[in-house]
Amino acid sequence: MPRTSLMSPPARTARPRRAPRSRVALLASVLLAVSLPTVASAEDSTPSADADTPAGRVVLSTDFSGTSLPQGFKAVEGAWQVKDGRLYGSSANASQLSRITFGEHLNDFRIEVTTRFESAVDAARWTAMGLDLPANGAVPWSIATMRTGTTAANGLEFAQRTPANAWNVTDTHAAPFAAGTGKDVKIAAEVHGTKAVWYFDGKEVMRTSKVARSADGVQGLLVNGVSASYDDLKVTELPPQSYIRAAGAPLTVIAHRGASSAAPENALASQEIARRGGADFIENDVQPSKDGVPYVLHDSTVDRTTDGSGTVRSLTSAQIDALDAGSWFAPHYKGARVPTLAAQLDDLRTRGGDLLLEIKGAHTKDEVATIVDTIRDHGMTGRVFVQSFEVDALRYTHELAPDLPLGLLRSTLDADPVALAKELHLAAYNPQDGALSKKPSVISDLHKAGVAVMVWTVDSADRWKALESAGVDGVITNRPTELNGWNSAFRQSRSVPPAKPAVRITSPAADAVRDRAQSPVPTVQSDNSSSVTLTLDGRSVPAGKPLELATLAAGPHTLRAVASGEGGTAEDTMTFTLRATPTGLAHLIFTSGAKDSAVGSMTAMLGLKQYSVLATWAKVQSGKSLSKERAALVAEDARALTTAH
């Protein structure tokens, strides 16, 4: 008889689990601004805390010692057979996605298998562990992929096959060595909700927070353009991931109001940037409109972050929906909206990510019930953590939804945080950094009581290091991408000699030609660095924010990125050219701050292509109708257009 074990699940008790909109211009800017990948370097890979399967209920275990497919295995496409003590799967070409399904739906589990490529069409073809796919193999599904060319930049991947039957590759990394053909490699993935860790030959290589999950997906194996064989397949249900950080694990990255240093806070664009930057949680605030619709907004009024005015509670949902919540941050975010809680949850559910949701200000029990119902209606109870300064809001939440984890926000430490945590059924106690620094011993006290500590709001690498050393579990930060990178660099520094930083300017493209009406967003990708500085022509500029080209002279301009870390420094430069165009000249005129009459005169000359006349006019009006600086630029571009025409 084959050694195959299919364990029936025991009776389960309820337990807490851890865990699109606007204009085309906004979408384009978001896609440009978020090129930072979520990766960990292969060099910082460390052996799993337990190189063998962690303790848990074994759902499936087989060594394929029989002559037929084990019970519960369903071959969906391609050729699958058991022979010589292994499972063989084949795909004839790069177009065939052969797959076999097995197991059961699990929120927290580990899948591991010994894999060998027997043959491959080319080095880009692959096999994959199915992390969540329907038992019938239909789309959508989520997988952890290994190519035969494992040392390529995308040798290992976390990827999704979408409902539209298209690929969405969320994370990539190279493996420590080449798998090739004819070599056994032990691979594994540990999944907790939408989060997963990729293990290659017993070592952690990559993490993600973007596994697309379904209500009933199971596990599987897939092959594409290869023949592969498998042995010692095992699926183990794991305990829910604790909010208390395990020894050696990275700080939980919590994006304060999304990536609020790079996009309008609380907006979906900020959420997207934080997600792509590797945030474990998006931290946002919720409060009701006049007609009771929960909206994601921090302030009690809309004055600071929209083009409107008034308190959130005095405005109807229709009034809030009409507000521009992006222009205050940067012009290219014009048209961003204040998201409803429902819209935010939809975005997280479909695109990935978990939510640390602050109930902002005093709420009645009915108002809290509306929030809870919204979370339930969107199927997100396993991916939302509720926090608040308001004790009553937490009491109401626990009464209405005891399965939702709770965190208490504090500006100063309570006399007995442990007793209060027990009284309020807290999963986390979340103090302000300055308050915690006065009594860091409270971290150990809370941990002994099973309560995590998540600190707000910390943007300094020096404080991240101190908090990590003190045992803090999570950090709420305005700089989630940087903290994610710091996590990788710090963990690497504890296991191997410091690696030399690497840095690359990924946008704008090298040798690009721009005009003044454009607002390119500089983005930088770095590895093994604790800090990255970016300069334009020697002047400091922030990554992720649009460049203001209306103040630059025409001609070449140089961006320089310098990454610093324990292993030294690295730099990258790129040059783009600013060219005079009628559109760019119009931008100079309309943003000049000149009086309407002067703008009208310049616009008329521009429309008639009287460039030389416009150049002379600007020179004469320098320091009068136009500032000297703007007059010089208008005259310069007008002269250039005269020559061009």
Side-chain angles (χ1 to χ4, degrees), residues 35-48 51 89-91 93-99 110-131 141-161 167-191 195-211 220-231 276 278 484-485 488 491-492 495-496 499-500 502 504 506 525-528:
S35 63
L36 293 173
T38 309
V39 299
S41 67
E43 289 77 15
D44 85 345
S45 302
T46 55
S48 170
S90 64
S91 163
N93 51 58
S95 299
Q96 186 176 38
L97 299 172
S98 301
R99 48 206 185 275
R110 175 184 173 102
I111 178 173
E112 57 189 298
V113 65
T114 299
T115 304
R116 184 171 70 213
F117 288 110
E118 305 293 346
S119 63
V121 173
D122 56 57
R125 297 306 99 209
W126 49 266
T127 183
M129 296 174 285
L131 308 182
W141 22 269
S142 293
I143 59 176
T145 307
M146 177 177 73
R147 299 184 187 278
T148 56
T150 46
T151 55
N154 63 344
L156 305 177
E157 295 180 344
F158 283 113
Q160 304 164 1
R161 193 71 171 178
W167 285 116
N168 177 29
V169 178
T170 60
D171 307 86
T172 65
H173 209 279
F177 60 84
T181 57
K183 180 189 299 183
D184 277 350
V185 180
K186 186 174 181 179
I187 60 175
E190 289 186 7
V191 180
K195 300 178 177 66
V197 182
W198 224 119
Y199 292 96
F200 183 90
D201 193 37
K203 296 181 179 180
E204 176 186 329
V205 177
M206 179 169 48
R207 292 175 177 244
T208 188
S209 61
K210 298 183 283 291
V211 179
L221 293 170
L222 301 89
V223 290
N224 172 249
V226 302
S227 173
S229 66
Y230 310 88
D231 196 6
R276 295 198 185 188
N484 184 50
S488 295
R491 290 173 65 238
Q492 176 185 343
S495 59
V496 297
K500 184 176 176 59
R504 183 167 65 93
T506 57
Q525 176 180 328
S526 67
D527 293 304
N528 311 317

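Here the structure is a predicted model, which means the values were calculated and not measured. For the numbers below, each heavy atom of this structure counts, side chains included, while hydrogens, waters and symmetry mates do not.
One N or O on the side chain of Lys183 and one on the backbone of Ala178 form a donor-acceptor pair closer than 3.5 Å. Remark: side-chain polar atoms of Asn224 are paired, donor with acceptor, to backbone N or O of Ala94 under 3.5 angstrom. A donor-acceptor pair under 3.5 Å is formed between the side chain of Ser98 and the backbone N or O of Ser90. When atom types are taken as modelled, the side chain of Asn528 and the backbone of Lys500 share a donor-acceptor pair closer than 3.5 angstrom. Looking at Arg147, its side chain does come within 3.5 Å of a backbone N or O of Asn154 through a donor-acceptor pair. The closest donor-acceptor contact from the side chain of Glu157 to the backbone of Ala128 lies at 3.5 Å or more, if one exists at all. Between the side chain of Ser209 and the backbone N or O of Gly278 there is no donor-acceptor pair closer than 3.5 Å. Checking side-chain atoms of Ser91 against main-chain N and O of Gln96 turns up a donor-acceptor pair under 3.5 Å. Between the side chain of Thr150 and the backbone N or O of Phe177 there is at least one donor-acceptor pair closer than 3.5 Å.
The line from OH of Tyr230 to CE of Met129 is 10.0 Å long, rounded to the nearest 0.5 Å. Note: Asp527 CG to Arg504 CZ = 10.0 Å, rounded to the nearest 0.5 Å. To the nearest 0.5 Å, atom CZ of residue Arg125 and atom CZ of residue Phe117 are 10.5 Å apart. Here the CG-NZ distance, from Asp201 to Lys186, works out to 9.5 Å after rounding to the nearest 0.5 Å. Taking CZ of Arg110 as the start and OH of Tyr199 as the end, the distance is 6.5 Å to the nearest 0.5 Å. Note: Phe158 CZ to Arg207 CZ = 10.0 Å, rounded to the nearest 0.5 Å.
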**OP:** Apply the test side chain to side chain contact (heavy atoms under 4.5 Å, CB included) to residues Trp141 and Arg99: give CA-CA distance (whole Å), side-chain angles for both, the deciding distance (0.1 Å), then the verdict.
**Re:** CA-CA 11 Å; Trp141 22 269; Arg99 48 206 185 275; 4.1 Å; yes
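When every heavy atom of Ala174 is checked against every heavy atom of Val205, the shortest pair comes out as O-CG1, 3.8 Å. Nearest heavy atoms, Val226 versus Ala120: CG1-CB, 3.7 Å. The minimum heavy-atom distance between Asp122 and Thr148, with the atom names listed, is O-OG1, 3.3 Å. For Ala189 against Leu131, the heavy-atom pair with the smallest separation is CB-CD2, 3.9 Å. Residues Val223 and Gly89 approach most closely at CG2-C, 3.9 Å, considering heavy atoms. Listed here is the closest heavy atom pair of Ala175 and Thr151: O-CG2, 3.9 Å.
In the model, Ser229 has a side-chain atom that pairs as donor or acceptor with a side-chain atom of Glu118 under 3.5 Å.
Just one of Lys210, Lys195, Arg276 meets the salt bridge (Lys or Arg N to Asp or Glu O under 4.0 Å) condition when paired with Asp171; it is Lys210. Between Arg161 and the options Asn168, Leu97, Leu222, a side chain to side chain contact (heavy atoms under 4.5 Å, CB included) holds for only Leu97.
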